[in-house]
Amino acid sequence: MKYPEYKQPLNYGQLGEDILAWWKEHGIFEKSVSSREGQPTFVFYEGPPSANGAPGIHHVMARTVKDIFGRYQTLLGKQVPRKGGWDTHGLPIELQVEKELGITKEDIGKKISVEDYNQRCKETVMRFKAQWDDLTEKMGYWVDLNDPYVTFEPEYIESCWALLKKLYDKGLLYKGYTIQPYSPAAGTGLSSHELNQPGTYKDVKDTTIVAEFKVVWDEKAKQLFAGGDESDEIFIMAWTTTPWTLPANTALAVGSKIKYVAVNTYNPYTLKRQIVVLAKDRFTSFFDLMGMEETVGVGSHAWARGIDPAEVAVGNTPRHFLLGNELNEDQKNEVLAKNKLTVWEVVEEFTGADLVGLHYERLFGQEAGFPAFEGEERAFRVIPGDFVTTEDGTGIVHISPTFGADDFRVAQQNNIPALMVMDDQGKLSPIVDRTGRYVTQMGEFGSRWVKNYDGHDDTAADYRTLDVDISVRLKERSRAFKVEKYEHTYPHCWRTDKPVLYYPLDSWFIKTTAVKDRLIELNKTINWKPESTGTGRFGNWLENLVDWNLSRSRYWGTPLPIWRTQDRTEEICIGSIAELKAEIDKAVAAEVMTHNPYANGEKVDLHRPYVDDIFLVSPTGQPMYREPDLIDVWFDSGAMPYAQWHYPLENEGQFQKNFPADFIAEGVDQTRGWFFTLHALAVMLEDSVAFKNVIANGLVLDKNGNKMSKRLGNAVDPFATIKQFGPDATRWYMIANAPPWDNLKFDPAGVTEVQRRFFGTLFNTYSFYALYANLDEFQTSEFDRVPHAELSELDRWVLSKLQSLIVEARGHLDNYDPTKAARAIQDFVTDQLSNWYVRLSRRRFWKGELTQDKRAAFETLQECLVVVAQLMSPIAPFFGEWLYKNMTDGMRAEAVAKNTPLAPESVHLTLLVEADLARIDPKLEERMELAQRISSLVHGLRKKHLLKVRQPLSKILIPVFNRQEERQLSLVSEIICNEVNIEEVRAVIDQGENIIYGIKPNYKELGKRLGKNMKAVASMIEALPSEIIRQFKESGSWLFILDSEQAFSIPSTEVEFFPKSIVGFDIAADEKVQKAMKAFGVPEWRVTKDGPLTVALDITITKELRQKGIARELVSRIQNLRKERGLNINNLIHITLANSAPAELHEAVASLGSYVREETQTLSIDFAADVNGGSVLEFDDYSVPVRLEVATA
RNA sequence: GGGCUUGUAGCUCAGGUGGUUAGAGCGCUACACUGAUAAUGUAGAGGUCCGUGGUUCGAGUCCACGCAGGCCCA
C-alpha cells in the first residue's frame, strides 16, 4: 500500500470536510468516549451558549480552547464526556421578542398574553441552533449535541427549584430589598432599560446643600485632632443634591487614598467659629486663597483686610492662635465679602483612611422629634467608599442606605444600618413611602412630598420644597455650610415625566455573604489561567461580596418557587413537581383552587403564567400566592452541574461521577457571571469547588484592535473563515498567536501565515516522505526497525529533539497553556525537522538502493511525523488526523492484529506517546546547535565574500578550549562539511601560545561581589593586554588594585575568555596584507565570530577545488534541464556537450565525470562537435550547447 | 470613579530569579541556492522597550506616579 500523494497546494477547507465526513461515518467522536469506558473521567462542563443569535468568530476561539483539553485528556486515556447545553432564559431574548413584535414590557398582559409572549420567547431562543450545530461540527468542536441540557425544560427548572429549596432550608434564601430606580408617580420600579430611554435624563435645578456633621469628641477624635479640645466644634462637610435624603443619613463615606484637611474658620450663616473637614482638592471651591499661590497645607492661613489675627487671638490652644470665637460686625462683612470664605487656617491634614471610624452626631435626632431606629448605635460613622471622588462636592459623601445603590452596598459592607421606621401595618419601611412622601413619624417634616408628586404649582411664590425647608432648618442650626441652587441632570420616569427616586424595593436574595470566607478559601484551590483573574478580578469580587440578588421582575425565566400568604406570615418553598402537585391537592381540598391542573398527568410547564395561576393553602388555612419574581438567569447556568442530570431529583450517581469539573473555559466576562454562580452554588450546596481548572479567555478583536460588531462591518464570519483556511489553520492561529487569556487581534493574514509556514511546511515534509517512500515501495513497520544505536548522528539528534518536544508539549498542555504547546510543536516542525533534519538528509532519501541508512532515515522521519500528528491533534484535529492516517493506514492491519499503539483507526483514539527519556541526549543537542551556528557563520562568510556555496572550499578552523569541545566538534564536522560545502573542519586546541584570547567581565558575577567597585574593576579587566590575559587564564585568578587602596582578586570564573585570534593569522589583519601573503603561498583566511565562537574560513581555491566546483555547476545545470523536460526522478539519460566548451569543463568531466553521472542519473557524458536540436547550459562566464536524450529502458 | 489587564521593530509576538550587543516570524531590500522549489539560506535596513521619577554599580525586567487601549463593575 502506498502513501497517498497530493498536489500542491493542499485544499485545507476540503481536507476539513473530508475528515469530518469520515469521522461521522465511523462515529469517531462517540468512540473517543466509549473506548475510554472504565477509565478515570476527566470532567468538563460546557458553559451553555444562547442560540438566539448567530455564532461569531470569538465562539470559535472559546470553543477551540475547550476542545483542546477534551481531546488531550482523551489522548491521555481518560474518558471525557462532554454534554452540550443551551442557555435559554433571560432579558436579551425578551428584548428581541419585544423588538420583533413592536411592543414594550407595558404591553405584556395587555396586547399579548403572558402565555403567548413566553411561547414566542421559547421559539426565538433556539432560532439559530442549526447554525450553531453546523459551526460546532465544522470547527471540530467535539461536544455531545444529541443530548444537551436545555434550561427551559421542566426537568431543568425542577432541578433549580430543588436547589433553591435546599438553600431555603439552609436559611440562605431570604427576602430583603435593593435600591432600584422607582417612579412614585407610576408606582412601579423601572428597569435600567427603561431608564435608558431617550429623554429620561433632564436638566433640573435643585436646592443643594453642603451639610455639616458634628464630630463626636471621643478617643478617635482626640487622636486625630491632637491640638484641639472639646470646645472646638468640628464638622465633617458633605454635599448632596437631594437634601430630602439627609434625615435618612446613617454614615459618611471618604476615599481611603484621598487627602483631607481640617480648616479653622467660621460658619458662613451663623459666623460661629468652627473646624470643618473636607478634601484638600476641594479646598479652593469653598475658601479664597486671598492671593496666595502656594498649595495649602497645615499652617497655611489667610485672613481678610481689617482682621488682625492678634486682635482676635483668644483661642485657647497653640493651634488656634489666629482666630477668635467672636467676630464684630465689620469683621463679619469681611469674612463674607466674597462667595468664598476669606478667613481660614488649615490645622490638620490626613488621608481618608485616617478619618475612617470617626463618629458624628445624627443630623435629625430624637431630641428634635425624629424617630429612633434599629441599629442606631452602629450608625453615624465615617466609612471608606470606593466611589468617592473629589470632582465635586467636598470629597465626602453622605450615605443614606435606603436611597442610593452605592450607599446601600457600602453600608452593607461596613455594617451600617439603614434608617427604617415602622409603618402603620407594623412593617419596616424607609422614611419615604411608596407614593413619594415622608412617613408621618418624620417630626416637623412628616407627610411632606419629597418631590412634587402631588401636582402643586411649583411656580407659585409660596411654594416651598422639602429640600428648601430642610436646608433652612440646617442653616438655623449652624449645620449648613453652603446652600445653593444647582443645575444637574436627573432621571425621570418615561411615562409620568416625574423624577425617579432610588428606592428600596423587595427582592429575594441568596445569602452568599454567609459563606464568604469559604468561597474565598476554596477559590484559592482553583487553578486559574491566567492566575490574575482568580486572585484579582474574581478574588476581589469575593472580598467585596454582597448577597446575590435573585429577583427579576420579568416573564421568560425560571419562576421563584415560593408561595406566601397575604399577610406574609406563612410561606412555602416548593422543591419538586411532585411536591407542587401534592400542595395543589391540599389547596383543592381547602377550596383555594377549583381543581388540580396537573392531576391527570398533563405535561407540566413551570413557566409563567401557569405557575401564577396556582394558589396553595397554608397550614392555618390561608391562601398562598406565588412571589411574582423570576430568578436571575445566572442561577440557571450556575446550576448546570446538578440540573443537567436532573439532580437532586434523580441520577445521584451520574452527578457524583461528574462533580466537580476538572476543567471549564469561558470568556473573562463571565467572571462575575457563570464562574461566580458555579462557585457560589457549589460552595453552598456541596461545600466544594465546582471546577478545578479554568481558563478565562479574552476577547477576539479585529485586526486593528477594535471590537467586532455587525454595525461596523468588521465582524469576521466564522463559516467563511473555516471554508477559506480550513478549521485547523484557524484554530492553530488563534491558539499560537497569543495566549487565550490575552485579547486576540484577529487578522486573516495571520491565518494565511500559519497555513503557509506551519501547515505548508508540514505538508511538504509529508509529501517528501511519501514521494521517496513510494519510490522505494517502503512501508515502515512498528517492529523490525534499525536499532537506535545504529542510527546516524542526525537521526539520533532529531529523535532526541522529538522526545524533548514530547516532554515540553505535554508539560504545557498539562499546565493548561496551549499556546506554548503550539509554539513548541511549530518550532520543531519548521526549524528542526524541516529546515535542518530533512534539508540535510535529503540525499539519504533519494540516493541509491534501500540500504539500512536509507531505512533509518525513513523510519526516523516517520516517527517524527506520527508523533507530531498526535501532539498537534488536540489543536489541529483534522490535519492531525489526516497526517496520522496517511502515515499509518498502511500499517493498520498489522497493528490491529498485534494490538499495537497504532491499532486505532483515528489519531483521536490513540494513546499519546510518552517521551523516551533515554533517547534525549543533551550533548548531542548541544553539538548540533554548535553545527547550526557554525554553518550559519560560514554561510555568512561565503555571502560576504561572494563565495558560492556550490564552490567547495578546503577547510575551516575553529579554536576550541579543550578536548571535550574538540570531540563535540569532530562528531558534527561531517554535517558541517555537507551543509556549507567544505572539505575539512579543523579544531585548533589551545596548546601553549597558538591562541590569543580576549577577555570580557562577567558582570553578573562581578557585580554581585563587588557592588559599586564593579565598574572600575571591569574597565581594568577590559584593558588587560593579551599577555596578561593569557597569564590570568592559566593562573585562574588575577589581582586588581583599585586607587592603590583596595585589592580585588578576581577568579577566572568571574570573567569570560574568548579566542581573539590564532597565531598564523589575525582577525584584525588587513585584507590587503593577507592578499600580499597569499602570493607567498600562505592560505588566505576570512574570519568571523559570534560570542565565544570564532570561525576562520580558508578561501583559497585550488585547481582541484575549482574543478569540483565546475562539476557541481554542471550537475546543477543538468538537473535543471531534466526538470525543464519534465523527467521523472528515475528516468536515465545521455548527455552530449558541445566540443566548444572551455577546457576546464572538459577537464572536470574527465576527472569527475562519474560523480556527475551518478548525481544526475546519466549513463554517459560525451563531447561532440554537433549538438543541434539541443539546449544551452548557462554557466557564470560562458554557455555550452547540450543535448539530452532519454535512455530507453 | 474602582478592580483586573495590555503597551517591546511597519505587523504579530518571545524576552526564569535585574547583568552591559533586546530577539523571532511575517513584511521590505539585496544576494545566494535549486530533484521539498508557490520551498529554502545569508545579509541589510528597521527600536526614546508607552512616559516621568525612584531603587541599584547596573532597569525592558523591581517600586511609585501618570498616559493610552481593553474587559468587568459602579
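In the text below, chain A, chain B and the rest are named by the order of the sequence lines, each starting its count at 1.
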rA24(B): pairing nucleotide in any strand, Watson-Crick or G-U under 3.5 angstrom: rU12(B)
Could you state the CD-P distance from E1056(A) to rU21(B), rounded to the nearest angstrom? 12 Å
What contact category does Y772(A) fall into here, base, sugar-phosphate, or nothing, at under 4.0 angstrom with non-hydrogen atoms? sugar-phosphate
Do R942(A) side-chain atoms and Q951(A) backbone N/O form a donor-acceptor pair below 3.5 Å? yes
Considering only the C1' atoms, how many Å lie between rG44(B) and rA39(B), rounded to the nearest integer? 22 Å
Report the residue (N1002(A) or Q1119(A)) whose heavy-atom-nearest nucleotide on RNA chain B is the more 5′ of the two. N1002(A)
Round to the nearest Å and state the distance from E1054(A) atom CD to rU20(B) atom P. 16 Å
Taking any heavy-atom pair under 4.0 Å as a contact, classify P739(A): base, sugar-phosphate, or nothing. sugar-phosphate
Without decimals, in angstroms, what is the distance between N835(A) CG and rA24(B) C1'? 14 Å
Regarding G1007(A), tell me which of base, sugar-phosphate or nothing describes its non-hydrogen contacts under 4.0 Å with the strands shown. base
Count the heavy atoms of every other residue, nucleotide or ligand shown that sit under 6.0 Å from NZ of K516(A), and state whether that count exceeds 12. yes
Answer with base, sugar-phosphate or nothing: what part of the nucleic acid does R942(A) contact at a heavy-atom distance below 4.0 Å? nothing
Taken to the nearest 0.5 Å, the spacing of L1114(A) CG from I1110(A) CD1 works out to 9.5 Å
rU56(B) and rG46(B): how far apart are their P atoms, nearest whole angstrom? 36 Å
P-based separation of rC11(B) from rG3(B) [nearest Å]: 30 Å
Please measure how far the C1' atom in rA24(B) lies from the corresponding atom in rG51(B), and state the result in whole Å. 27 Å
Give the rounded distance in Å between these two atoms: CZ of F858(A) and C1' of rA36(B). 13 Å
Quickly work out the N549(A) CG to rA74(B) C1' distance and round it to whole Å. 15 Å
Matching residue for L699(A) among D742(A), N743(A), D669(A) - test: side chain to side chain contact (heavy atoms under 4.5 Å, CB included): N743(A)
Which is true for S532(A) with a 4.0 Å heavy-atom rule: it touches a base, it touches only sugar-phosphate, or it touches nothing? sugar-phosphate
If I pick the P atom on rU21(B) and the same atom on rG60(B), what distance separates them, to the nearest angstrom? 12 Å
Separation of rA36(B) atom C1' from R839(A) atom CZ, nearest Å, is 11 Å
Can you confirm if the aromatic rings of F746(A) and Y733(A) lie within a centre distance of less than 6.0 Å? yes
What's the OH-P distance between Y1003(A) and rU61(B), to the nearest Å? 20 Å
Residues, nucleotides or ligands: over 12 heavy atoms within 6.0 Å of K948(A) NZ: yes
Paired with rA68(B): which nucleotide, if any, by Watson-Crick or G-U wobble criteria at under 3.5 Å for both distances? rU6(B)
Describe the nucleic acid contact of N544(A) in one word from base, sugar-phosphate, nothing, applying a heavy-atom distance below 4.0 Å. nothing
Complementary nucleotide for rG1(B) - Watson-Crick or wobble, under 3.5 Å: rC73(B)
In Watson-Crick or G-U wobble terms, both distances under 3.5 Å, what is the partner of rU17(B)? none
From CD of E753(A) across to P of rC28(B) the rounded distance in Å is 12 Å
Watson-Crick or G-U wobble mate for rA32(B), both contacts under 3.5 Å: rU40(B)
Determine the interatomic distance between P on rC62(B) and the same-named atom on rU6(B); round to the nearest Å. 11 Å
Under 4.0 Å between any heavy atoms, over every strand shown, what does R823(A) touch: base, sugar-phosphate, or nothing? Just pick one. sugar-phosphate
Just call it for V388(A): base, sugar-phosphate, or nothing, with non-hydrogen atoms closer than 4.0 Å on any strand. nothing
Side chains of F675(A) and H679(A), heavy atoms from C-beta outward: is any pair under 4.5 Å? no
Identify whether any heavy atom of S834(A) sits under 4.0 Å from a base atom; if not, whether one sits that close to sugar-phosphate; answer base, sugar-phosphate or nothing. base
Can you check the distance between rG27(B) and rA45(B), where both ends of the measurement are the C1' atom (answer in whole Å)? 13 Å
Nearest of rU42(B), rC33(B), rG70(B) to any side-chain atom of K948(A)? rC33(B)
Inspect the surroundings of CD in E5(A) and state if more than 12 heavy atoms from other residues, nucleotides or ligands are less than 6.0 Å away. yes
Tell whether R537(A) reaches the base of rC73(B) with its side chain through a donor-acceptor pair below 3.5 angstrom. no
The answer to which of E1005(A) and V949(A) contacts RNA chain B further toward the 5' end, by nearest nucleotide, is E1005(A)
Looking across every strand, which nucleic acid part, if any, lies under 4.0 Å from D669(A) by heavy atom: base, sugar-phosphate, or nothing? sugar-phosphate
